Trainee: 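Structure in C-alpha cells, see below.
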Amino acid sequence: MIYYLVAAKSKKPDLNLKFGGPNYMEEKGIKKDSQVEENYIKKDSRIDENSDGGTTKKETISKNFIELEIDKDLKEGRYTKVQTRFPPEPNGYLHIGHAKAIILSYMMAQKYGGKFNLRFDDTNPSKEKEEFVESIKEDVKWLGADYEDRLFFASDYFDEMIEKAQLLIKKGKAFVCDLSAEQIKQYRGDFTTPGKESPYRNRSIEENLRLFNDMKEGRCAEGSRVLRAKIDMKSPNINMRDPVIYRVAYKSHHNTGDKYCIYPMYDFAHPLEDAIEGITHSLCTLEFEDHRPLYDWFVNECEYKSPPRQIEFAKLYLTNVITGKRYIKKLVEDGVVDGWDDPRLVSIAALRRRGYTPESIKRFIELSGVSKANSSSDYAMLEYCIREDLKLKRPRMMAVLDPIKLIIDNYPEGKSEMLEIPNNLENPELGSRQVEFSGELLIERDDFMENPPKKYFRLFLGNEVRLMGAYFVKCTGFEKDDDGNVTVVHAQYDPETKSGSGFEGRKVKGTIHWVNKSTAVNVECRLYENIINENSEDQNSQEDGSLNLNPNSLKTIKGAYVEPLLKEAGPYESFQFVRNGFFCVDSKDSHAHNPVFNRIVGLKSSFKLENK
C-alpha cells in the first residue's frame, strides 16, 4: 500500500604513563580511606632557598607506592639498576588483569632506565601448551612491552634448580617425604592448629640425597615421594610449614620434552628464576603477600647474592566480566563463545579482536591506578577509554544496520554524482572521501516514523531533513507491505541545498545518514553486550553454581549495508559508523565475500570522568 502527502508546508541541523595523579582519589570517586591513599600515592614537594634569602616552591611530584619503594632502594644502594619481569604460566590466555601486570612492570623498568624480561613459569607440564606460549608473546608485544631479546623459560633453569635443591639437602634445609598428598595436607594444620612434623623429616642428609636422586632418575612412582623444605611446622604462616618443592611427574614438557621426570613447585621455582635473571623488583599481586617470607627464604638459603625484592599490588578487578579460566573453558566447550578470543570476553586476544587498542587499555590501567587496596573498576570506564582513543583517529563512515529504501522521486532517473564528505569533522587532518549519491538510497528504519512523537526531527510526512553530506529532502509518502511494515519512503530533494554550497535559505533540525543502494556493500554486523547478566545481583546465582549469562550478549545483523570503501578494510581496522558506534573488521570470520564488523562500543555512555 502506498501513502502520499496531500498537502505539505515548507519548513525552515601518551604511551608514557603516569600511574596515578594528584587528584586520583577524587577523580575516581573512591572513598578516601587514609591507608588506601597512603598506599596509592605520595605527594613530594620541595622548598628551595634562593640566593637572596627568598624561597621557591618546586612543582609537586606524585608517585605511586611502588615508585617510592624503588626510589628508596636506589638511594640506599640496595640496587644500582632496575630490572623487572612479567612471568606468566603458559596454561591459558591472558586477560585484562594481566595487562596491568605487564604494563606496570614494563613502565617501571622504562622509568628507571632498566630492563624488562618476559619469562614463562613453565613448571607444570600437565597444563601447559605451546599455543598459550605463542598467544602470550603476541599479547605482550601488542601491548608495547618490549622485552627485546630477553625471552626466558623457567625450564631453562631446571638443572640449576636441581642443584639448588641438592644444596638445601646438604644444608639440612630439605628432606624427601613419603607422605601422600592427603597426609601432607592433614599434617599441615590450619590457621588455628599448628602443623605436625612428617615422620620422614629427620632423615639423614645422605639418605635424602640418595632418595632425591632416585626421584630424579625415574625410580619413584608419581605421588610416592616429594622433596620438602625444612622450615617450621608451627609457623603462623602456613606457607612456611615445610612446603613441597619438588614432585615426581612423568609428563612430557613443551620445552624440554621427556628430559625430566621431576618438576619444581611454583613457590620454589619463581624466586630462583628472579634471582638467576638479576631481577631487582618482583612485582606481583596481593595474593602472593603471604608467600613473600617463603620467597625470601628460598633466595637466601640458595645463597644468591643481591636477592630480588617482592612488592605486591592490588589486582585489577572489572565489573560484570569473566576472567576465571575454568569458567571460560566451560563457555568454550559448551559453544556459548567461539573461543578464548570471543569479543565478549576480556582476554587480551578477545579485546584485540573486539577492536580495543593498546593505547585504550593503557589509559584504562592508568585511570584504575596502583594501590595495595583491592577495588573494582567499572566496565564503562574501559569503554570510555576506547571511545576517547578512537574518536579523533578513525574515519566516520556511513553504515545502515536496519535498512529501508528511500526514493527521491524528483532526482533525475539514472543519474548519480560523487559527493565529497569529510572523514572526521573533529579532525580535518583525516581528509575527505568521495561517496556516490543517487535517487535510490538506504536509510535506517528508525529514521522514519509514520506517527512521530514530539521532538522527533527525522523523516515523517511533510518533514524536511538533511541527508548527511548531500541535500535537504522532504518526505512525501511511504509504502507498506501486507503486514503493515514500512518498506519504502518517498521524498523530494532541493538541488539548491547541496552541502558545501553555502545555502542559507532555511534550516532543518535533523540530519540522517544513508548509503547509495546500488553500490552499498552487504555486511554482517555483530553487536555485543556484557556476557554476564548485569541485572543479576549474583553472577553465580544459578542453583548449580554456573554463571548467570546474558542471553542478549550477541546480536547478529546479516542485512546491514555500508559504503563500498569498507569492503577493502583489513582485519582489526576500525571505523566510526555514524550514530551506530565504533566498529572493527573481525579478524577471524571476516572474508571478502562476507565482511564481518564487530561493534567495539556504542557512541554514548553515562560514564564521565569527574574534573575537580
Side-chain angles (χ1 to χ4, degrees), residues 318 320-321 341-346 350-357 359-361 363-364 378-404 421-427 430 433 435 442-447 458 468-469 510-515 520-531 534 550 552-563 565-567 569-590 595-609:
L318 196 57
N320 296 312
V321 300
D341 62 349
D342 187 289
R344 289 167 288 178
L345 302 175
V346 289
L351 291 168
R352 181 166 62 245
R353 182 180 170 193
R354 175 88 170 249
Y356 278 83
T357 61
E359 293 79 10
S360 66
I361 293 174
R363 175 63 172 154
F364 172 67
D378 193 340
Y379 189 86
M381 186 165 76
L382 178 61
E383 295 180 323
Y384 164 85
C385 291
I386 187 62
R387 282 191 201 94
E388 289 298 299
D389 184 53
L390 294 181
K391 69 179 183 180
L392 297 181
K393 288 182 179 179
R394 306 307 303 152
R396 297 177 180 178
M397 312 292 284
M398 293 189 288
V400 177
L401 305 193
D402 186 14
I404 56 172
I421 296 181
N423 286 327
N424 190 320
L425 288 171
E426 294 183 60
N427 184 5
L430 290 184
R433 65 191 184 280
V435 180
L442 297 174
I443 62 172
E444 295 284 0
R445 182 172 298 278
D446 63 7
D447 280 343
R458 286 167 273 173
M468 183 174 290
T511 298
I512 65 174
H513 64 281
W514 51 274
V515 292
V521 177
N522 182 209
V523 302
E524 178 180 324
C525 288
R526 296 173 180 175
L527 311 184
Y528 298 103
E529 295 179 6
N530 284 346
I531 197 167
E534 298 179 50
N550 176 8
N552 302 312
S553 62
L554 170 62
K555 178 182 178 182
T556 301
I557 299 172
K558 297 282 190 179
Y561 286 86
V562 300
E563 294 182 40
L565 280 175
L566 289 170
K567 189 175 183 180
Y572 303 113
E573 196 169 355
S574 60
F575 307 89
Q576 182 183 143
F577 287 179
V578 174
R579 290 176 46 216
N580 282 309
F582 291 97
F583 287 73
C584 88
V585 180
D586 187 81
S587 60
K588 181 184 284 188
D589 297 332
S590 187
V596 177
F597 288 85
N598 298 324
R599 184 162 69 182
I600 308 168
V601 67
L603 295 178
K604 295 182 180 180
S605 170
S606 59
F607 179 85
K608 294 186 184 300
L609 287 180

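FYI, side chains are in, hydrogens and waters are out, and symmetry mates aren't considered; it's all heavy atoms of this structure. No experiment lies behind these values; they were computed from the predicted model shown.
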Trainee: How would you list, by chain and number, every residue that makes a side-chain contact (heavy atoms from CB on, under 4.5 Å) with P422, sequence neighbours excluded?
Mentor: L425

Trainee: Are the side chains of S574 and L390 in touch, meaning some heavy atoms are under 4.5 Å apart?
Mentor: yes

Trainee: Any ion pair linking R354 and D342 (charged N to carboxylate O, less than 4.0 Å)?
Mentor: no

Trainee: With side chains defined as the heavy atoms from C-beta onward, is the minimum distance between M397 and V578 less than 4.5 Å?
Mentor: no

Trainee: Test of understanding: with ring pair (Phe, Tyr, Trp, His ring centres under 6.0 Å), list the residues that count as partners of F577, not counting sequence neighbours.
Mentor: F583, F597

Trainee: To the nearest 0.5 Å, what is the distance between CZ on R599 and CZ on F582?
Mentor: 12.0 Å

Trainee: Are D586 and P571 close enough that some pair of their side-chain heavy atoms sits under 4.5 Å apart?
Mentor: no

Trainee: Would R458 and D446 satisfy side chain to side chain contact (heavy atoms under 4.5 Å, CB included), going step by step from the backbone distance to the final call?
Mentor: CA-CA 9 Å; R458 286 167 273 173; D446 63 7; 3.7 Å; yes

Trainee: How many angstroms lie between CE in M398 and CG in L442, if you round to the nearest 0.5 Å?
Mentor: 11.5 Å

Trainee: Side chains of L318 and L382: closer than 4.5 Å at any heavy-atom pair?
Mentor: yes

Trainee: Does any non-hydrogen side-chain atom of F575 lie less than 4.5 Å from one of R396?
Mentor: no

Trainee: Can you name the residues that form a side-chain contact (heavy atoms from CB on, under 4.5 Å) with S553, not counting sequence neighbours?
Mentor: R344, I531, N550

Trainee: With sequence neighbours left out, write down each residue that passes salt bridge (Lys or Arg N to Asp or Glu O under 4.0 Å) with K555, or none if nothing qualifies.
Mentor: none

Trainee: CG/L392 to CG/L430 distance, rounded to the nearest 0.5 angstrom?
Mentor: 8.5 Å

Trainee: With heavy-atom distances below 4.5 Å as the criterion, would you say the side chains of V400 and R445 are in contact?
Mentor: no

Trainee: Got a second to check how far N598's CG is from S590's OG, nearest 0.5 Å?
Mentor: 8.5 Å

Trainee: I'd like to check the side-chain hydrogen bond (donor to acceptor under 3.5 Å, both in side chains) partners of E573; sequence neighbours left out, ordered by chain and number.
Mentor: none

Trainee: Ignoring hydrogens and angles, tell me if any N or O in the side chain of R387 forms a donor-acceptor pair with the backbone of G581 under 3.5 Å.
Mentor: no

Trainee: How many angstroms lie between atom CG of D341 and atom CG of L351, to the nearest 0.5 angstrom?
Mentor: 11.0 Å

Trainee: Measure the CD1-CD distance between I386 and E359 for me, rounded to the nearest 0.5 Å.
Mentor: 8.5 Å

Trainee: State, to 0.1 Å, how close N522 and P595 come at their nearest heavy-atom pair, and which atoms those are.
Mentor: O-CD, 4.0 Å

Trainee: Please identify each residue that fulfils side-chain hydrogen bond (donor to acceptor under 3.5 Å, both in side chains) with D389, with sequence neighbours left out.
Mentor: T357, K393

Trainee: What heavy-atom pair brings Y528 and P343 nearest, and what distance separates the two atoms?
Mentor: OH-CG, 3.4 Å

Trainee: Return the set of residues passing side-chain contact (heavy atoms from CB on, under 4.5 Å) with K567 (not counting sequence neighbours), or none when no residue passes.
Mentor: V521

Trainee: Can you sort out the partners of R526 under side-chain hydrogen bond (donor to acceptor under 3.5 Å, both in side chains), two or more places apart, ordered by chain and number?
Mentor: E524, D589

Trainee: Checking R433 against E563 for the side chain to side chain contact (heavy atoms under 4.5 Å, CB included) test, could you report, in this order, the C-alpha distance in whole Å, the side-chain angles of both residues, the deciding distance, and whether it holds?
Mentor: CA-CA 11 Å; R433 65 191 184 280; E563 294 182 40; 2.7 Å; yes

Trainee: Measure across C385 and S360 and return the closest heavy-atom pair with its distance rounded to 0.1 Å.
Mentor: CB-O, 3.5 Å

Trainee: What residues form a salt bridge (Lys or Arg N to Asp or Glu O under 4.0 Å) with R579, not counting sequence neighbours?
Mentor: D447

Trainee: For E444, give me all partners under side-chain hydrogen bond (donor to acceptor under 3.5 Å, both in side chains), at least two apart in sequence or on another chain.
Mentor: H513, N580

Trainee: Going by the rule side-chain contact (heavy atoms from CB on, under 4.5 Å), which residues pair with A560 if we only count those two or more places apart in sequence or in a different chain?
Mentor: L401, V523, C525, I557

Trainee: Do the non-hydrogen side-chain atoms of C584 and I600 ever get within less than 4.5 Å of each other?
Mentor: yes

Trainee: I'd like to check V585 versus V596 (side-chain heavy atoms, cut-off strictly below 4.5 Å). Are they in contact?
Mentor: no

Trainee: If the condition is ring pair (Phe, Tyr, Trp, His ring centres under 6.0 Å), which residues does Y379 pass it with, not counting sequence neighbours?
Mentor: none

Trainee: Side chain to side chain contact (heavy atoms under 4.5 Å, CB included) for R394 and Q576? Distances and angles first, verdict last.
Mentor: CA-CA 7 Å; R394 306 307 303 152; Q576 182 183 143; 5.5 Å; no

